[in-house]
Amino acid sequence: MTTVIFPGRFESLEKISKFVKKAARNAGLGEDAVYGVELAVDEACSNIIEHAYQGENVGDIECTCEVTVSGIKIVICDNGQPFDPGQVPKPDLSSPVEERKKGGLGLFYIDQMMDEARFEFTPGKNKLIMIKHK
Amino acid sequence: MTTVIFPGRFESLEKISKFVKKAARNAGLGEDAVYGVELAVDEACSNIIEHAYQGENVGDIECTCEVTVSGIKIVICDNGQPFDPGQVPKPDLSSPVEERKKGGLGLFYIDQMMDEARFEFTPGKNKLIMIKHK
Amino acid sequence: MEITTTQYNRCDVVKMTGRVDTYTAPKLQETMDAVVESGKNNIVFDMSEVDFLSSKGLWVLTETQKKCKKQRGKLVLVNTDEKIRKSFDLVGMGDYFDIFDDLTAAVGSF
Amino acid sequence: MEITTTQYNRCDVVKMTGRVDTYTAPKLQETMDAVVESGKNNIVFDMSEVDFLSSKGLWVLTETQKKCKKQRGKLVLVNTDEKIRKSFDLVGMGDYFDIFDDLTAAVGSF
Ligand SMILES: Nc1ncnc2c1ncn2[C@@H]1O[C@H](COP(=O)(O)OP(=O)(O)O)[C@@H](O)[C@H]1O
Ligand SMILES: Nc1ncnc2c1ncn2[C@@H]1O[C@H](COP(=O)(O)OP(=O)(O)O)[C@@H](O)[C@H]1O
């Protein structure tokens, strides 16, 4: 189990990506699954900076990777604004692209790419726990 | 000194080319000079088939390569129709290309590419002697 | 990350290397906007060296496609990684871009 | 020796490998004529794998250029070996063909 704390800015996304890709490969995931993990983590961390911290350099992102028997468990923590994922509308995936509203694909990609993904909010701490099987 | 006899047809041109290129490289010529030799020999042999034999599969082309101290000497013989090189008009190299008559560049390339090139005609045998220095 | 633009007679080729994420997407958008503002509306996005594209990158592409189409042009993609293509399919955007395997074919399509 | 033709929107690319000599030049001429007869008059001749071109080959190119120009098109060359270029210069044909270093640039020039 490895934990790394990254400064909450967009420049960190590439470093976070390298960290989780390495862990996912160590966990024995195939390249498609590794890409899925990279995408989910990137969307999650980008959301933390944009929505939880509402700006760059406001707080940190703590990222923990744990190789398990079945694959990898990734936990991402921040101490920005909590939110209610149940209140977020589902994205429009069927209208002609021209008519769709920009945004709203990040949480969908997280759900699609991971085998499990759930948020836990405790006072002062927001946690996203994600699991991807081999 | 190596002599190879090739059947007088256009398909032989590639084989003749391989033979003289190898000899030219053995003689220590640089790649530009090797290309010049290839071009001169190709034009000469094509002329033999077209003009001296006036057709394919009429007679042979005898090709001799001799590595000399200064470079390479190539002798190409056929037993087709002789001709008078002095009577062949020089090609038009300065008119707009659109206005030029097709053909007539082979002997010019032979002259340009080789350091020496001369024809010798004896009854029943036409010889082109070419020399290229290193 | 590097972005280069090459101008041809009927289209411009934008080539980017590395990741298109929230950090780099704005730079790509700037480049695309500059092409469209220069009056060109046919764009080839050469993705042969793009190894990651997040939803932010995807929106840059859809925004650019819209701008091109508004001017009767088109954005086409080249050598899009299979994993990135799957992420387009997942959100119902698999058909929104013509994707070529070969840069010359993409340029030659205009 | 192999000759392939690829059709793009504004031009056809003819690619040949090996030698263009008296033996192979007629096949190249046939291919070029077929393109022109099909109504295309912009041709890219990809010479990246042509290692020899005799005067017969040169005449195929000039004949094709004439036919293309007659129909307001153009023959351009790609990746012509330096030694072949020198043989064009020697006979005052160095400027008769636009020569590109890159296939995409040639296709993109139309
Ligand atoms: N970590 C987060 N903290 C606060 N709000 C969030 C977070 N992640 C997502 N959200 C909310 O959910 C919405 C949808 O997020 P997402 O699907 O990632 O799309 P986007 O970020 O492009 O709008 C966001 O607009 C935001 O309101
Ligand atoms: N080996 C040869 N035997 C007979 N005639 C020749 C020979 N080589 C050249 N000629 C004559 O010289 C002319 C010019 O030859 P050349 O410069 O090679 O151009 P081309 O063969 O394309 O006409 C030929 O048309 C032909 O009349």
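Within every chain, numbering begins at 1; the chains are lettered A, B, ... in the order of the sequence lines, protein sequences first and strands thereafter. Fair warning: this is a prediction, and the values are worked out from it, not measured in the lab. Just so you know, these numbers use all the heavy atoms, side chains as well, and skip hydrogens, waters and symmetry mates.
Looking at D:Ser87, the atoms closer than 4.5 Å to chain B (heavy atoms on both sides) sit in the backbone and in the side chain alike. Both the backbone and the side chain of D:Thr22 come within less than 4.5 Å of a heavy atom of chain B. In this structure, the portions of D:Ile84 lying under 4.5 Å from any heavy atom of chain B include both its backbone and its side chain. Looking at B:Glu11, the atoms closer than 4.5 Å to chain D (heavy atoms on both sides) sit in the backbone and in the side chain alike. When heavy atoms are compared at a cutoff of 4.5 Å, B:Glu14 approaches chain D by way of both its backbone and its side chain. For a residue to count as touching a neighbouring chain, one of its non-hydrogen atoms must lie under 4.5 Å from one of that chain's; by this rule B:Glu50 touches chain D with the side chain only. Only the side chain of D:Tyr96 comes within contact range of chain B, with heavy atoms under 4.5 Å apart.
Interface summary for chain B: among D:Glu63, D:Glu82, D:Lys69, the most heavy-atom pairs under 4.5 angstrom belong to D:Glu63. Ranked by heavy-atom pairs shorter than 4.5 Å toward chain B, the options D:Gln65, D:Met93, D:Lys86, D:Lys83 are led by D:Lys83. Taking chain D as the reference chain and counting heavy-atom pairs below 4.5 Å, the highest number among B:Ser94, B:Pro91, B:Gly106, B:Gly103 is found for B:Gly103.
Counted by atom type alone, D:Asp51 and B:Tyr35 present zero donor-acceptor pairs between their side chains at under 3.5 Å. Side chains of D:Asp33 and D:Gln29: a donor-acceptor N/O pair is present below 3.5 angstrom, by distance only. Neither side chain, D:Arg19 nor D:Thr24, offers a donor N or O lying under 3.5 Å from an acceptor on the other.
Note: D:Phe88 and D:Phe97 meet the aromatic proximity criterion, with ring centroids under 6.0 Å apart. For D:Phe110 and D:Tyr8, the distance between ring centers is not under 6.0 angstrom.
Counting heavy atoms from C-beta on, the side chains of B:Ile76 and B:Ile61 come closer than 4.5 Å.
Nearest heavy-atom pair across D:Gly92 and B:Arg100 is O-NH2, 3.0 Å.
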